[in-house]
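Everything on this sheet refers to the single structure shown next.
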2 protein chains.
Amino acid sequence: MRARMGNEVVVGIEDDGERREEDDFDLKSFLPYLLNQAAEQAGTSFQRIYKARYGMLRTEWRVLFHLGRYGPMTAKAIGLRTRMHKTKISRAVAALEARRYLTRTELENDRRLERLELTAAGRKAYEDLSRHAREHDAELMAQFSPQEQDVLRRCLGQLAGF
Amino acid sequence: MRARMGNEVVVGIEDDGERREEDDFDLKSFLPYLLNQAAEQAGTSFQRIYKARYGMLRTEWRVLFHLGRYGPMTAKAIGLRTRMHKTKISRAVAALEARRYLTRTELENDRRLERLELTAAGRKAYEDLSRHAREHDAELMAQFSPQEQDVLRRCLGQLAGF
DNA sequence: TCCTATTGGTTGTAAATGTAACTAACAAGA
DNA sequence: TCTTGTTAGTTACATTTACAACCAATAGGA
């Protein structure tokens with residue numbers, strides 16, 4: 001079993017017959033891997049924006065977005081829409097509240113629930129970030145044809161379970 | 001500003017005109033979000049397999065896969081292929097070594113490098129898991145037409161930077 | 001009413017990750 | 001040789017996440 005590994009960059013593929021040649025399965029074509037790498041790549045550049053500008057985490061940005069886009073709602077409602085675990089939401093809400101981006105109001109008919117609502121500052125952050133998000137989305141999509149864009153969104157939506 | 005939040009399931013969309021109507025931008029069509037949700041969904045079901053059967057993490061499965069599929073190589077080489085951070089790789093390798101799935105051999109021409117190679121047990125795990133991966137991939141893709149599959153793989157590959 | 005189950009939300013703890021600092025080995029010039 | 005810089009890999013620490021236990025409020029009977 002020769003190794004072919006010097007001190008130069010080694011991609012590391014053996015060619016000594018030990019490799020099963022009928023095996024054409026590659027990580028690069030494995031859908032979960034592809035999705036993951038694409039998501040990481042696409043997510044990172046946008047993350048830089050909300051992290052640098054507002055010191056937010058992804059969970060916080062999502063909660064902010066939901067409240068900004070769809071109006072006041074309870075944490076439970078956010079959970080139903082995003083499938084984020086309730087502990088994530090709880091902590092994101094706490095962080096946003098600490099930074100005065102939202103307020104909570106106990107509901108009178110069920111005191112377990114809280115109405116979450118953006119403050120003016122929260123709304124401003126949402127407006128700013130959603131503008132950036134839109135731009136970012138457009139940039140990412142620009143490299144594809146309209147048909148590709150359509151297929152991509154539909155397939156991903158289906159995979160995501162929307 | 002009415003809130004429409006009773007104790008039943010509330011999706012939480014306000015319809016009181018506060019919403020900017022020209023704003024048709026939705027999280028569900030935001031590519032990074034879509035990618036993330038799809039990746040999480042697709043990843044979770046496969047994760048169950050390698051987690052339940054071998055108690056592995058995703059990083060460990062990836063290292064195992066690389067060594068199984070492409071043969072012995074150094075940690076550095078794995079890093080170049082997967083873009084995983086070297087600390088992740090270091091820990092994954094340590095975990096796989098502890099479970100006797102791989103061995104390390106210092107290279108004689110550069111003692112900083114280690115040749116990583118699967119043991120028989122490691123190879124067996126790889127064979128088993130890659131079979132499952134293939135199945136899983138096929139299942140996921142089965143819901144799409146051949147053209148869609150093609151577009152999907154190409155676009156994702158491009159987004160991932162392959 | 002009381003009892004039990006369920007629900008919305010929070011908190012504690014362990015596991016996983018990111019970042020930076022570190023060690024040891026090599027490289028390249030003076 | 002010595003010095004400086006770079007590289008492969010590990011370790012330490014802080015941040016983030018997952019999971020389970022928990023609390024308080026409500027619901028739905030007996």
Side-chain angles (χ1 to χ4, degrees), chain A residues 3 5-12 36 39-40 43-44 47-48 50-52 55-63 72-98 102-116, chain B residues 3 5-12 36 39-40 43-44 47-48 50-52 55-63 72-98 102-116:
Chain A
M5 297 197 294
N7 46 7
E8 278 308 304
V9 169
V10 173
V11 184
N36 206 71
E40 201 159 303
T44 299
Q47 181 185 37
R48 266 193 285 276
Y50 58 74
K51 197 170 179 183
M56 282 187 195
L57 300 176
R58 198 170 53 199
T59 51
E60 295 164 25
W61 144 247
R62 282 194 190 168
V63 167
M73 64 180 91
T74 65
K76 166 75 175 166
I78 297 178
L80 288 173
R81 296 182 139 274
T82 60
R83 297 192 200 151
M84 279 197 280
H85 191 79
K86 59 183 183 173
T87 62
K88 272 189 179 178
I89 297 172
S90 173
R91 290 194 243 247
V93 166
L96 290 171
E97 188 191 24
L102 63 78
T103 59
R104 320 157 96 125
T105 320
E106 220 175 44
L107 289 197
E108 57 299 329
N109 39 345
D110 187 339
R111 298 210 315 288
R112 288 172 302 184
L113 298 166
E114 302 174 304
R115 167 190 163 99
L116 305 172
Chain B
M5 296 197 293
N7 47 7
E8 278 308 304
V9 169
V10 172
V11 184
N36 206 71
E40 200 159 304
T44 299
Q47 181 185 39
R48 267 192 285 275
Y50 58 73
K51 197 171 178 182
M56 282 188 195
L57 300 176
R58 199 170 50 199
T59 52
E60 294 164 23
W61 144 246
R62 282 193 189 169
V63 168
M73 64 179 91
T74 66
K76 166 75 175 167
I78 296 178
L80 288 173
R81 296 181 140 273
T82 60
R83 296 194 199 148
M84 278 196 280
H85 191 80
K86 58 184 183 172
T87 62
K88 270 189 179 177
I89 296 173
S90 173
R91 292 193 246 244
V93 167
L96 290 171
E97 188 191 23
L102 62 78
T103 58
R104 318 157 97 126
T105 320
E106 220 175 43
L107 291 196
E108 57 300 329
N109 39 346
D110 186 341
R111 298 209 316 286
R112 290 172 302 183
L113 297 166
E114 302 174 304
R115 166 190 163 100
L116 304 173

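Keep in mind it's a predicted model, so treat the numbers as computed, not measured. First the proteins, then the strands, lettered A, B, ... as listed; each starts at 1.
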Item to check | With Gln47(A) via side chain to side chain donor-acceptor pair (under 3.5 Å) - residues at least two apart | outcome: none

Checklist entry - Looking at residues at least two apart in the chain, or sitting in another chain, which of them share a salt bridge (charged side-chain N to carboxylate O under 4.0 Å, His left out) with Arg83(A)? => result none

Could you write out each protein N or O paired with an N or O of nucleotides 2-4 of chain D at a distance under 3.5 Å?
none

Checklist entry - How close or far is atom C1' of dT17(D) from atom CE of Met84(A), stated in whole angstroms? => result 13 Å

Next on the checklist: Test of understanding: with side chain to side chain contact (heavy atoms under 4.5 Å, CB included), list the residues that count as partners of Arg58(B), not counting sequence neighbours.
Outcome noted: Asn36(A), Tyr50(B), Arg62(B)

Checklist entry - Who passes side chain to side chain contact (heavy atoms under 4.5 Å, CB included) against Thr59(A), sequence neighbours left out? => result Leu57(A), Met84(A), Lys88(A), Ala92(A)

Checklist entry - What is the bend of the helix from dT1(C)-dA30(D) to dA30(C)-dT1(D) when you compare the axis at one end with the axis at the other, using five pairs each and rounding to 10°? => result 0°

Next on the checklist: The criterion is side chain to side chain contact (heavy atoms under 4.5 Å, CB included); which residues satisfy it with Ala95(A), sequence neighbours excluded?
Outcome noted: Glu60(A)

Next on the checklist: Expressed as a whole number of angstroms, how long is the span from Arg58(B):CZ to dA15(C):C1'?
Outcome noted: 14 Å

Item to check | For Thr105(B), side chain to side chain contact (heavy atoms under 4.5 Å, CB included) partners two or more places apart | outcome: Arg115(B)

Next on the checklist: Could you tell me how far apart Arg83(B) (CZ) and dT17(C) (P) are, to the nearest whole angstrom?
Outcome noted: 19 Å

Taking only N/O atoms, report every protein-nucleotides 2-5 of chain C pair under 3.5 Å with atom names and distance.
none

Checklist entry - For nucleotides 9-16 of chain D, read 5' to 3', which letter fits each nucleotide if B means a protein heavy atom sits under 4.0 Å from the base, S means only the sugar-phosphate is that close, and - means neither? => result BBBB---S

Next on the checklist: In whole Å, I'd like the distance from the CZ atom of Arg48(B) to the C1' atom of dA18(D).
Outcome noted: 15 Å

